[in-house]
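What follows is a short report on a single structure.
Only a predicted model underlies this, so the values are computations on that prediction, with no experimental measurement involved. Here is how names work: the chains are called A, B, and so on, in the same order as the sequence lines, proteins then strands, and each is numbered from 1.
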Number of protein chains: 2
Amino acid sequence: MRVTKAQAEQNRAHIVATAARLFRERGYDGVGVADLMAAAGFTHGGFYKHFRSKADLMAEASASGLSQTAARTEGLDPAEFVERYVSREHRDGRGDGCTIAALGGDAARQPADIKTEFAAGIENLLTALQPQSDTPGDADQRAARTMVIDMLAHSVGAVMLSRACPDGSPLADEILDACRKEILASLAHHNSEQPAVRSPET
Amino acid sequence: MRVTKAQAEQNRAHIVATAARLFRERGYDGVGVADLMAAAGFTHGGFYKHFRSKADLMAEASASGLSQTAARTEGLDPAEFVERYVSREHRDGRGDGCTIAALGGDAARQPADIKTEFAAGIENLLTALQPQSDTPGDADQRAARTMVIDMLAHSVGAVMLSRACPDGSPLADEILDACRKEILASLAHHNSEQPAVRSPET
DNA sequence: CTTTTTAGATGATGACCGTCATCGTATTGC
DNA sequence: GCAATACGATGACGGTCATCATCTAAAAAG
């Protein structure tokens, strides 16, 4: 059952995409190689024709998921990012959501290669959120970067904390609402003081 | 090899404490029953004399770890909490640190009983951080609670994001420093506007 | 067209895991 | 003290897991 070289490449990409989603939903340890391949429409045998090990796929799937999040964030207004990120839809859609929020806790226990992918993914997200098109002074650049880093950690923390609470519990929603309100207020506050990161509308 | 009833109770507590630490270090799936019992100084056989299942222990160990964090936070100034929580020491000491930051990401995929323990643990932490000794108006109470919820999510996000980066990487430290600075600034800002949560010193 | 290569299927292997059966021994209740 | 009880040790069980060997058939190379 040989297939076209192009088809094989496409199958490989499909396996990576499927893995990225399943890992986000169930965690790295919650998905077996056989599970994964079945979900992608294959049997477990062909796996090692594409990847050297499960750990290899874990790193590649993480990178894929992270770059997808960065791509979807590109050109998004910070406030708009927060509205979408710190939302019930995002919290309840682990599989289709941000890889950092879904697997950040697991990444901390993974080997260096996965952590490196996460660092690169975070760096990309920061760049996507911080439009440095207008090149102001170095001090402003650093202040803007600090602010974006803080906003990202803040948003990630809100989603993760809300997800740790029982589904549909008042506390889960309260956390989300409280954080969204405070993050947006913080954004507005920074904008009024030194508009290093500014909304296009204002 | 029977032991005193008091000794057995003590052994059980020791197993729970060991489990809480190991789970924080390696995650729920990263610790086997045999591993765990060996780390506590026993063989795997006696496990089911103490717990009905591994899932049962997971819930109990989570509750134990969470209440420990709440107890250690009791009476702590919010700013002091942030200084300790958003620190390199805490980030690098998963096993001895906060259960929310270590297992919050995993809890999201666990059954309802564990999520319920997390919600209760979070609620306890909020109470420990929000001294409602002076009973002001309801509006102030709610505003203070919102602020504490936000501060906790913010701190948790900072530690988790930093942990997802390679050990000793500049980004890991940058995240921690940026967030600590911003969280403390936010605290100061709230204190100056409406001192619902106030430092004892000021 | 012939030969070589390789994506994917099938099946097996050894390690690990949660759980339970059994047993010894020391404590507890009488 | 005697009998009943139960903590903990030893060992075994199904099941799952990552990985590899083998086979196939079709695509690629010549």
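- The side chain to side chain donor-acceptor pair (under 3.5 Å) analysis of residues 109-123 of chain B, with sequence neighbours excluded, yields the pairs A/Asp106-B/Arg109, A/Asp167-B/Lys115, B/Glu123-B/Arg145.
- Taking the side chain to side chain contact (heavy atoms under 4.5 Å, CB included) definition, one finds that A/Ser67 meets it with nothing, sequence neighbours left out.
- Atoms CZ (A/Phe51) and P (D/dA18) sit 14 Å apart, rounded to a whole Å.
- Using modelled atom types, one finds a donor on one side chain and an acceptor on the other under 3.5 Å when comparing B/His190 with A/Glu182.
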Are any protein N/O atoms closer than 3.5 Å to N/O atoms in nucleotides 19-23 of chain D? If there are, list each pair with its distance.
from	atom 1	to	atom 2	distance (Å)
D/dT19	OP2	A/Tyr48	OH	2.5
D/dT19	OP2	A/Lys54	N	3.0
D/dT19	O5'	A/Tyr48	OH	3.0

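- Separating the CE atom of A/Met37 from the P atom of D/dC17 is a distance of 15 Å, rounded to the nearest angstrom.
- Identified under the salt bridge (Lys or Arg N to Asp or Glu O under 4.0 Å) test for residues 59-72 of chain A, with sequence neighbours left out: A/Arg12-A/Glu60.
- Rounded to whole angstrom, the span from the CE atom of A/Met58 across to the P atom of D/dC17 amounts to 15 Å.
- Rounded to whole Å, atom C1' of C/dC17 lies 10 Å from atom CG of B/Asp35.
- Partners of A/Ala128 by side chain to side chain contact (heavy atoms under 4.5 Å, CB included), not counting sequence neighbours, listed by chain and number: A/Thr73, A/Glu74.
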Between the protein and nucleotides 28-30 of chain D, list every N/O to N/O distance that falls short of 3.5 Å.
from	atom 1	to	atom 2	distance (Å)
D/dA28	OP1	A/Lys5	N	3.3

Would you give me the side-chain donor-acceptor pairs under 3.5 Å for residues 38-48 of chain A, sequence neighbours excluded?
none

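- Taken residue by residue, residues 7-32 of chain B places heavy atoms nearer than 4.0 Å to DNA chain D at B/Ala8, B/Asn11.
- For A/Ala178, the side chain to side chain contact (heavy atoms under 4.5 Å, CB included) test picks out B/Thr146, B/Ile149, with sequence neighbours left out.
- Evaluation of the side chain to side chain contact (heavy atoms under 4.5 Å, CB included) rule for A/Arg26 yields A/Leu22, A/Val31, A/Asp35 as partners, not counting sequence neighbours.
- For residues 161-187 of chain B, the set of pairs meeting the ring-ring contact (aromatic ring centres under 6.0 Å, His included) definition, not counting sequence neighbours, is empty.
- Residues satisfying the side-chain hydrogen bond (donor to acceptor under 3.5 Å, both in side chains) test with A/Tyr85, not counting sequence neighbours, are none.
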